[in-house]
Amino acid sequence: MNLVKGRLFHILVPVVSVLLGLLIGGIIMLVSNYNPVSAYAALIDGIFGNGYNLGETIRAASPLILSGLAVAFAFRTGLFNIGVEGQLLVGWLASVYVGIHFDLPKVIHLPFAILAGAAAGALWGVIPGILKAKFKVHEVITTIMMNYIALYATNGIIRAYMLAPGERTKDIKESASLASPWLQQITEFSRLHYGIVVAILAAVIMWFILWKTTTGYELRAVGFNQHASQYAGINVSKNIVLAMAISGAFAGAAGTMEGLGTYQYMTINNAFTGVGFDGIAVSLLGANGSVGIIIAALLFGGLKIGSLTMQSAAGVPTELVGIVIALIIFFVASSYLIRWLTNRFTKGGKI
Amino acid sequence: GKDDGGGSNADGKKDAFKVAMVTDTGGVDDKSFNQSAWEGLQKFGKDNDLKKGTGFKYLQSTSASDYAPNLNSLVRENYKLVYGIGFLMQQDIQKVAKQQPKAQLALVDSVVPEKNVASITFKEHEGSFLVGLIAGMQTKSNKVGFVGGVDSELIKKFENGFKAGVKTANPKAEIFVQYAGDFNKAEKGQAIANTFYGKGADIIYHAAGGTGKGVFTEAKNRSKNGEKVWVIGVDRDQHEEGMPEDVTLTSMVKRVDKAVEEVSKQTMDGKFPGGKTVEFGLDEDGVGIAPHKDNVSKDALAKVDEYKKKIQNGDITVPKTDKEYKTFESNMKK
Amino acid sequence: MEYVIEMRNIRKEFPGIVANDNVTLQVKKGEIHALLGENGAGKSTLMNVLFGLYQPEQGEIYVKGKPISITDPNVANRLGIGMVHQHFMLVENFTVTENIILGKEITTGGRVDLKKAAKEVKALSDRYGLSVDPNAKIENISVGMQQRVEILKTLYRGAEILIFDEPTAVLTPQEIHELMEIMKKLVAEGKSIILITHKLKEIMEACDRCTVIRRGRGIGTVDVAETNPDKLAAMMVGREVNFKVDKTKASPKQTVLKIEGLVVEDARKVPAVDGLNLEIKAGEILGIAGVDGNGQTELLEAITGLRKAVKGTVELNGKNITNHKPRRVTEAGLGHIPQDRHKHGLVLDFSIGTNMVLQTYYQQPYSKHKILKFPAIYDKANQLIKEFDVRTPSEHTLARALSGGNQQKAIIAREVDRSPDFLIAAQPTRGLDVGAIEFIHSKLIQERDKGKAVLLLSFELDEVMNVSDRIAVIYEGKIVAIVDPKETTEQELGLLMAGGKKQKAGDRSESR
Amino acid sequence: MDFFQILALIVPAAIVSAAPLILTGLGGVLSERSGVVNIGLEGLMMFGAFVGAIFTHYGEQWGLGAGSPWMSFVVAIVAGALFAVPHAVASISFKADQVVSGVALNFLAAGLSIFLTKKLFGAGQTPDIQERIGKGDVPLLSKIPVIGDLFFSNAYSTSFVAVFLAFVVWYIIYKTPFGLRLRSVGEHPMAADTMGINVIKTRYISVIMGGAFAGLGGAIYVASIAGNFTGSTISGQGFMALAAMIFGKWHPLGAMGAALFFGLAQSLSITGEQIPLLKDIPDVYLLILPYVLTILALAGFVGRADAPKASGQPYEKGKR
Ligand SMILES: Nc1ncnc2c1ncn2[C@@H]1O[C@H](COP(=O)(O)OP(=O)(O)OP(=O)(O)O)[C@@H](O)[C@H]1O
Ligand SMILES: Nc1ncnc2c1ncn2[C@@H]1O[C@H](COP(=O)(O)OP(=O)(O)OP(=O)(O)O)[C@@H](O)[C@H]1O
Ligand SMILES: [Mg+2]
Ligand SMILES: [Mg+2]
């Protein structure tokens with residue numbers, strides 16, 4: 001009975017939060033005299049209305065899934081990775097570099113480019129990991145700093161070595177591209193690409209590492225209780241660094257979604273992409289679980305794409321979606337109290 | 001399908017001419033080219049009594065990844081002409097153009113070699129040359145500065161045109177140049193301006209969007225304290241930004257509005273300049289100095305007119321790139 | 001007559017547990033009133049109710065005859081009720097003075113006046129003979145002094161009724177004696193005291209009356225003059241208890257653990273273990289007696305590889321394991337029941353099942369090629385849960401949700417099941433009821449009889465004396481004596497624990 | 001340029017860009033010292049900037065003239081305080097994950113401020129304000145030979161306000177009874193509770209005060225530097241303030257020092273391009289300089305920064 005209650009809660013909290021978020025969003029529209037009904041109608045249409053929007057929604061969700069996974073993985077291991085944004089940028093650049101400068105058959109080139117992105121992200125994550133493990137430096141502050149370094153460094157590298165007309169790099173070679181004419185065909189020329197497959201694969205990988213392997217066991221143990229882990233002979237420092245590396249790898253992979261999928265090149269970014277920060281919201285709404293994150297990412301991706309139609313059809317500023325998302329996070333976060341209580345005394349609540 | 005988009009549109013007529021634009025993240029009130037593009041579109045709309053929202057409209061992008069969906073949804077809503085504002089949209093315009101051969105697109109500030117895309121560019125260097133002349137004439141300290149947003153091909157046109165102008169009017173003038181690496185960092189603009197003015201410059205020309213705000217801030221502060229320093233605005237007449245301290249010497253205006261209006265007309269008359277590059281320079285009044293001339297001295301204005309002619313007759317060609325500027329400079333020496 | 005404190009039919013529940021069930025407590029003015037009960041009986045809870053930290057579900061409280069609802073500690077303070085908590089309530093990086101005046105600050109011109117405050121603290125401590133250094137930071141003073149700070153906190157607030165929750169657990173017999181003197185002085189000043197303790201001697205020595213709680217129920221109140229330890233024990237546990245643990249004579253064999261010249265530094269880089277030598281043989285239980293903070297923790301951490309030894313060697317079965325990683329030490333044949341079950345013993349947010357393989361998850365059959373084999377894990381867990389009678393709804397229950405006793409049983413199950421040659425049991429019965437205590441003691445003796453070497457660390461002298469075959473007394477990082485429990489007395493042990501000579505408590509560890 | 005000339009360029013610029021960071025950092029100190037982590041500084045600062053911009057504008061409309069920005073500061077303080085309430089409620093009363101609720105605050109600020117801007121002005125940005133906080137020389141002090149030119153010439157009055165407030169906060173936290181209680185709540189709430197201190201109330205007050213400071217920081221940024229509010233006016237300054245707070249080891253004056261350090265690194269990286277010997281360094285290096293320096297400082301000489309013991313943990317009576 002308790003078990004049912006616990007399980008139910010897991011689903012209930014996010015669902016209720018989303019509904020409440022949309023509800024209050026509607027109220028805000030009412031008081032600022034927009035028509036919520038037509039607005040949300042437009043929003044829905046903007047998400048599912050036609051193949052193009054659907055394609056774009058999925059396209060937008062792919063990097064969100066990965067950045068969500070990155071944040072969640074860190075959360076699960078007791079770390080808060082605000083650095084997804086920076087790890088994403090270096091991953092983006094690395095994948096594009098490989099995409100441009102190598103000449104390989106697709107079967108090798110594409111995986112190579114993706115792995116390069118993941119590796120770069122991992123490297124960017126390792127640095128704060130080491131700083132935390134060895135010097136006890138707060139990972140939140142180092143990852144923030146690393147974000148800025150990534151932003152300016154990638155721009156600097158592009159400008160110095162990879163610049164093409166239009167403030168960007170050259171296009172990657174077709175052999176490294178995730179883009180798929182077929183997918184674009186069936187979605188009326190959206191930018192939908194095979195990245196979604198990569199993202200879902202990554203979600204499976206995270207689930208597997210965390211719950212099925214001894215590595216995951218160690219990572220989670222360290223996340224929950226460093227002293228007990230040490231007592232059990234688990235190398236705490238190593239696992240902190242490893243956790244940041246894996247988290248960073250997911251973030252880097254998110255970058256490849258943009259580099260090899262959506263854009264096929266990297267622009268000089270005047271500001272952060274925001275995908276990294278959205279990842280925090282996604283992982284939270286997804287309760288740090290693989291399936292939840294995929295659903296949450298699709299939701300946020302949909303809201304973002306749908307908001308464009310909401311703007312053009314109902315004239316509601318796209319920012320409203322940002323507000324709704326913020327509200328959703330608040331509700332999910334605040335209901336932690338209840339979930340914590342149920343978990344704590346749930347007979348049979350799994351680890 | 002694509003047709004019902006047209007059929008179900010407000011004024012029913014299937015082939016009613018509809019025109020729209022996609023802004024970059026700046027939005028239609030960025031006090032810059034997005035805004036003047038929208039002004040142009042509105043004027044065109046009024047003149048041909050189109051309804052806002054159905055006859056002509058804009059979509060704002062919240063991030064670079066929105067360009068494509070925005071362009072696309074306008075095309076599928078059957079707009080006969082869709083503008084992309086800003087060179088950042090070049091890639092997306094090209095994609096959409098390829099995917100939707102029937103669509104008619106136009107791109108401002110860059111070139112897309114597709115037969116269903118009209119590319120609109122400006123001779124910013126020529127306009128910058130003119131304000132350069134003014135700066136060269138009116139600097140007391142013989143030191144002037146240029147603040148660029150992001151070091152790029154486009155902004156280089158501003159820089160080199162300006163430098164050429166300054167040197168032409170005042171060969172012994174010293175010119176400081178710095179790029180902020182960012183179009184949206186006011187405090188950087190301010191810090192750079194602070195450095196320039198601190199080093200004795202009394203006129204700064206900025207081509208740095210939001211970063212330029214900082215230049216104005218610094219200039220205002222200094223003129224409050226009795227220093228006589230100037231800013232030269234960009235894209236639109238930035239006289240307002242200079243008030244109340246009145247620090248705007250002049251502005252290099254870039255008539256995106258004219259261009260948009262012009263191209264829209266041509267297209268409506270069935271003369272869509274697809275595959276062509278329409279370049280707006282001094283001849284077409286596409287670029288020039290702001291109407292607000294109170295702070296510009298008589299002989300500076302005379303100089304401007306003199307050289308405007310020279311440029312139009314092709315007596316001199318204004319440099320766009322660093323290389324062209326080098327040769328220009330060496331020719332001057334002789 | 002009228003009582004200063006009267007708690008009638010108090011009931012307090014926690015999720016899953018009734019901590020207090022219809023308990024009544026009546027305290028006369030000027031008496032020391034003992035509150036006796038097993039661990040988990042509900043003593044702290046009852047006092048927390050009186051102090052306003054918890055709200056009771058039922059019952060009334062009268063102070064000096066007036067019915068009062070004590071909604072929070074402020075009210076308690078105003079009523080002159082002060083409490084010395086079982087787990088000290090001190091802000092580590094504040095000074096003694098700051099801790100004492102917190103919430104009732106002395107100010108001049110809206111500004112905390114620490115000088116003036118320090119003077120008052122000094123005066124107060126002189127008056128009651130509670131020596132403290134007003135400007136020392138809590139993290140740098142001894143447990144004994146921290147306790148005196150706690151007492152001063154209550155006196156500073158002009159407490160008339162003082163509650164002491166297990167104040168003696170961490171003190172030497174000498175310190176305990178001094179504490180009793182202090183209490184007597186306090187009652188002489190007209191204050192009333194409620195003293196929580198498990199230790200019958202203390203009650204006999206100092207208290208006037210005694211109320212006994214069992215499993216949350218009030219059993220009754222007796223005049224100490226008219227009772228004796230055995231009667232009290234029977235009341236407390238509900239049956240006759242023999243304090244002697246029955247065990248056959250030990251038959252020690254070869255040396256299993258050999259420590260020579262071991263030097264270990266604590267967090268502040270001060271040698272806490274200082275040239276320590278020790279040998280433990282197969283088939284014996286060696287108890288370590290000592291006052292908390294004399295290097296016990298550092299010693300265990302050094303043996304188990306959790307802390308680096310600066311000098312000296314540790315040999316397990318003749319193998320040198322000095323400064324080896326914890327896992328290598330474990331694999332060399334160590335079992336470790338850690339002091340702090342919540343901190344080291346368990347990952348509270350893992351299920352009890354997964355906690356059972358905390359030491360072995362990486363080995364077959366629990367995992368293969370780094371892939372966990374959950375069927376094997378849960379089979380093992382269920383086997384241990386049965387074997388060690390761990391009371392849990394299922395192997396999937398979070399360890400956090402178990403009671404301390406069952407948490408402890410789970411840990412012992414895990415460690416004993418690997419049948420290590422050398423077993424460390426650090427305060428294995430802390431926070432547990434006698435049932436669990438007897439069970440655990442018998443397990444330790446079983447291991448001994450299987451020919452394992454057992455090292456028992458405990459602050460409860462009775463436990464050390466009853467369970468061990470040999471007792472090593474540790475003082476300032478050295479083993480100062482090894483005695484036979486049958487030929488020693490608590491007094492003697494106490495003296496040894498205090499460094500052999502009687503000295504003013506407090507001074508002892510200020511130097512640390 | 002000679003060395004002193006360079007200093008005279010860098011130092012004032014540093015102080016200018018530091019002021020908003022100092023104030024926002026102080027907001028962080030107040031909140032986190034009471035045990036409530038505040039990642040939401042960015043959002044609080046952004047909302048303060050928004051409010052500051054529109055009320056300076058309104059002030060001008062209402063003919064307050066040069067008083068407009070100062071009036072806007074007052075409003076921004078109130079607005080910041082109010083905007084911190086959701087974070088307080090979620091993380092103190094609802095025991096939400098404090099980091100997450102802070103992140104939510106950032107999202108909310110970003111969405112709400114632009115949404116309202118569009119609603120109020122039908123534009124993505126507020127009108128430019130005319131009445132800026134001006135630079136000026138401090139009467140006597142600016143006459144002091146070297147120091148005068150560096151610290152008291154063409155400086156913002158707001159910069160001095162910031163520095164002054166840093167000392168005020170220091171006094172509050174370390175000298176007043178409230179401060180003692182605030183710190184105890186952040187270190188050992190249970191102990192504070194047994195001493196009759198209302199933990200929940202103390203935390204609410206601290207978080208809300210923190211919001212007020214961050215709001216002021218944002219408003220001052222607009223009035224002294226940005227000149228109006230757009231979506232990109234506050235882009236990361238809040239996080240830098242957070243960094244400054246941790247860098248400064250949760251100490252008001254430490255945070256101020258760190259903020260000034262950032263400002264210095266920042267303006268050095270800008271003026272650097274005009275300094276002969278630094279001219280040739282690619283500007284990327286100068287751009288990342290402040291952030292690299294921070295990391296090095298933390299890993300190196302600053303070393304481990306200890307957060308208040310109870311920060312991040314919701315307080316529940318009777319939980320052991
Ligand atoms: N905060 C709490 N939440 C849930 N249960 C609790 C809490 N505190 C105590 N309990 C339960 O109430 C019972 C009584 O606890 P309490 O601490 O009062 O016992 P005690 O007599 O003080 O034991 P000890 O002698 O070890 O201090 C325990 O069995 C414990 O399980
Ligand atoms: N929050 C809690 N929820 C449930 N049970 C609790 C909680 N806190 C403590 N307990 C239970 O209270 C009982 C005794 O409390 P605890 O384990 O803290 O030891 P203690 O007796 O209070 O401290 P000590 O061991 O120093 O005497 C144990 O059974 C423990 O499991
Ligand atoms: Mg107790
Ligand atoms: Mg106890």
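The chains referred to below are lettered A, B, ... by the order of the sequence lines, with proteins before strands, and numbering in each begins at 1.
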Take L348(C) and N225(A), measure what side chain to side chain contact (heavy atoms under 4.5 Å, CB included) needs, and give me the verdict at the end.
CA-CA 8 Å; L348(C) 289 174; N225(A) 183 343; 5.8 Å; no

Distance from [X] atom [atom1] to [Y] atom [atom2], nearest 0.5 Å?
X	Y	atom1	atom2	value
Q226(A)	K343(C)	CD	NZ	11.0 Å
Q359(C)	I234(A)	CD	CD1	9.0 Å
K212(A)	I371(C)	NZ	CD1	9.5 Å
E301(C)	Q230(A)	CD	CD	8.5 Å

Counting only non-hydrogen atoms closer than 4.5 Å, can you tell me which residues of residues 410-426 of chain C sit against chain A?
R414(C), E415(C)

What part of H369(C) is in contact with chain A, defined as an atom under 4.5 angstrom from a non-hydrogen atom: side chain, backbone, both or neither?
neither

Name the orientation class of the two ring planes belonging to Y231(A) and H344(C) (parallel below 30°, tilted from 30 to 60°, perpendicular beyond 60°).
tilted

Indicate the atoms forming the closest heavy-atom contact of [X] with [Y], along with that distance.
X	Y	result
A232(A)	R327(C)	O-NH2, 3.2 Å
L372(C)	W211(A)	CD1-O, 4.1 Å
L346(C)	A228(A)	O-CB, 3.6 Å
P326(C)	G233(A)	CB-CA, 3.9 Å
K370(C)	T215(A)	NZ-OG1, 3.3 Å

Are Y217(A) and Y362(C) close enough that their ring centres sit under 6.0 Å apart?
no

